[in-house]
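Okay, structure first, notes after.
Chain A is the first sequence line, chain B the second, and so forth, proteins listed ahead of strands; every chain is numbered from 1.
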Number of protein chains: 2
Amino acid sequence: MVDPDGPTPLYVQLADLIEGLIRDGTIPANRPIPSETTLQQQYGVARGTSRKAVELLRERGLVFTVHGKGTYAVETLPPA
Amino acid sequence: MVDPDGPTPLYVQLADLIEGLIRDGTIPANRPIPSETTLQQQYGVARGTSRKAVELLRERGLVFTVHGKGTYAVETLPPA
DNA sequence: TACCATTTGTCCGTATGTATG
DNA sequence: CCATACATACGGACAAATGGT
């Protein structure tokens with residue numbers, strides 16, 4: 001999944017992985033991505049790392065976040 | 001604001017700047033100073049740098065920190 | 001109304017690695 | 001060698017929003 005010893009930062013690897021899930025339809029539009037806590041446990045990273053991954057996905061225009069609810073895949077994806 | 005090329009370390013410049021804000025009343029007693037994250041973004045420095053600046057202010061007796069909440073200006077300022 | 005669980009938001013504390021002067 | 005500075009990554013604690021009981 002993610003490689004802590006690789007040259008790519010963990011939070012970038014995580015973001016790339018989730019981007020793949022969105023682009024291949026595993027996570028459809030307007031459906032939530034895993035919570036920050038779930039990502040931590042699932043991939044064995046700290047919360048700060050999962051937060052930075054989600055932040056990157058927001059910057060890439062792939063997801064939007066609602067405080068107290070969750071983070072969701074956007075309707076129309078930006079070009080890869 | 002802060003000069004990365006100047007002879008004074010960035011974190012000292014940042015601390016001096018905030019000390020000024022406290023002494024001139026811009027930041028009143030028991031009010032929070034900008035967070036480390038805010039300082040980073042505001043002045044374009046790394047977190048370690050903003051953290052060292054706040055640490056310096058603590059050593060100078062100008063602020064006190066509450067873990068998980070924030071850093072605040074003290075009630076009675078030490079002599080300049 | 002009150003309470004509670006979940007989730008995101010915002011804080012700080014610490015450590016390691018890299019690079020520069 | 002050491003201080004400065006940046007980036008990454010871990011952890012803990014509290015605040016705010018949401019939704020359900």
(message) Checking A/Arg51 now: which residues fulfil salt bridge (charged side-chain N to carboxylate O under 4.0 Å, His left out) with it, not counting sequence neighbours?
(response)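 Listed in chain order: A/Glu36.
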(request) Please list, chain by chain and in numerical order, all residues satisfying salt bridge (charged side-chain N to carboxylate O under 4.0 Å, His left out) with A/Arg31, sequence neighbours excluded. (result)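 For A/Arg31 there are no salt bridge (charged side-chain N to carboxylate O under 4.0 Å, His left out) partners, ignoring immediate neighbours.
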(request) Write down the atom of A/Ala73, the atom of A/Pro28, and the distance for their closest heavy-atom approach. (result)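 Looking at all heavy atoms of both residues, the shortest contact is CB-O, 3.5 Å.
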(message) Please determine whether a side-chain nitrogen of the Lys or Arg among A/Arg60 and A/Asp16 lies less than 4.0 Å from a carboxylate oxygen of the Asp or Glu.
(response)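 Salt bridge: yes.
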(message) At 10 degrees resolution, what angle do the end axes of the helix from C/dA2-D/dT21 to C/dG21-D/dC2 form when each is taken over five base pairs?
(response)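 Result, rounded to 10 degrees: 10°.
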Could you state the [atom1]-[atom2] distance from [X] to [N], rounded to the nearest angstrom?
X       : N      : atom1 : atom2 : result
A/Phe64 : C/dG9  : CZ    : P     : 13 Å
A/Leu56 : D/dT8  : CG    : C1'   : 13 Å
A/Glu55 : D/dA7  : CD    : C1'   : 14 Å
B/Ile33 : C/dT10 : CD1   : P     : 17 Å
A/Tyr72 : C/dT6  : OH    : P     : 15 Å
B/Arg51 : D/dA5  : CZ    : P     : 14 Å
A/Asp5  : D/dA9  : CG    : C1'   : 13 Å

Can you name the atoms? Protein N/O to nucleotides 15-19 of chain C N/O, anything below 3.5 Å, with the distance.
none

Side-chain contact test, heavy atoms from C-beta onward, threshold under 4.5 Å: evaluate it for [X] versus [Y] and give yes or no.
X       : Y       : answer
B/Leu39 : B/Val54 : yes
B/Thr49 : B/Pro9  : no
A/Ser50 : A/Thr38 : no

(request) Residues of residues 35-43 of chain A with any non-hydrogen atom less than 4.0 angstrom from an atom of DNA chain C: list those, numerically ordered, please. (result)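 Heavy-atom contacts with DNA chain C come from A/Ser35, A/Glu36.
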(request) Would you please confirm or rule out a distance under 4.0 Å between OP1 or OP2 of D/dC6 and any side-chain N or O of B/Arg47? (result)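 Indeed not, no polar side-chain atom of B/Arg47 lies that close.
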(request) Could you tell me whether the phosphate oxygens of D/dG19, OP1 or OP2, come under 4.0 Å of any side-chain nitrogen or oxygen in A/Lys69? (result)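 A/Lys69 to D/dG19 OP1/OP2: side-chain N or O found under 4.0 Å.
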(message) Between A/Gly48 and A/Gly68, which residue's closest nucleotide on DNA chain D lies nearer the 5′ terminus?
(response)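 Taking each residue's closest nucleotide, the earlier one in sequence belongs to A/Gly48.
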(message) Nearest heavy atom decides the nucleotide; on that basis, is A/Gly44 or B/Val45 closer to the 5' end of DNA chain D?
(response)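 Between the two, 5'-proximity favours B/Val45.
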(request) Quickly, which of B/Val12, B/Ile18, B/Leu10 forms a side chain to side chain contact (heavy atoms under 4.5 Å, CB included) with B/Leu14? Name it, please. (result)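 Of the listed options, the one satisfying the test is B/Ile18.
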(request) Consider only side-chain heavy atoms of I, L, V, M, F, W and Y, link residues closer than 4.5 Å, and tell whether A/Val63 and A/Leu56 are in one cluster. (result)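 No, it is not one cluster - the side chains of A/Val63 and A/Leu56 are not joined through contacts under 4.5 Å.
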(request) Spell out, as yes or no, whether a donor-acceptor pair under 3.5 Å connects the side chain of A/Gln13 to the backbone of A/Thr8. (result)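 Judged by distance alone, yes, a pair lies under 3.5 Å.
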Dump every N/O contact between nucleotides 1-4 of chain D and the protein below 3.5 Å, one line per pair.
residue : atom : partner : partner atom : Å
D/dT4   : OP1  : B/Tyr11 : OH           : 2.9
D/dT4   : OP2  : B/Tyr11 : OH           : 3.4
D/dT4   : OP2  : B/Lys52 : NZ           : 3.3

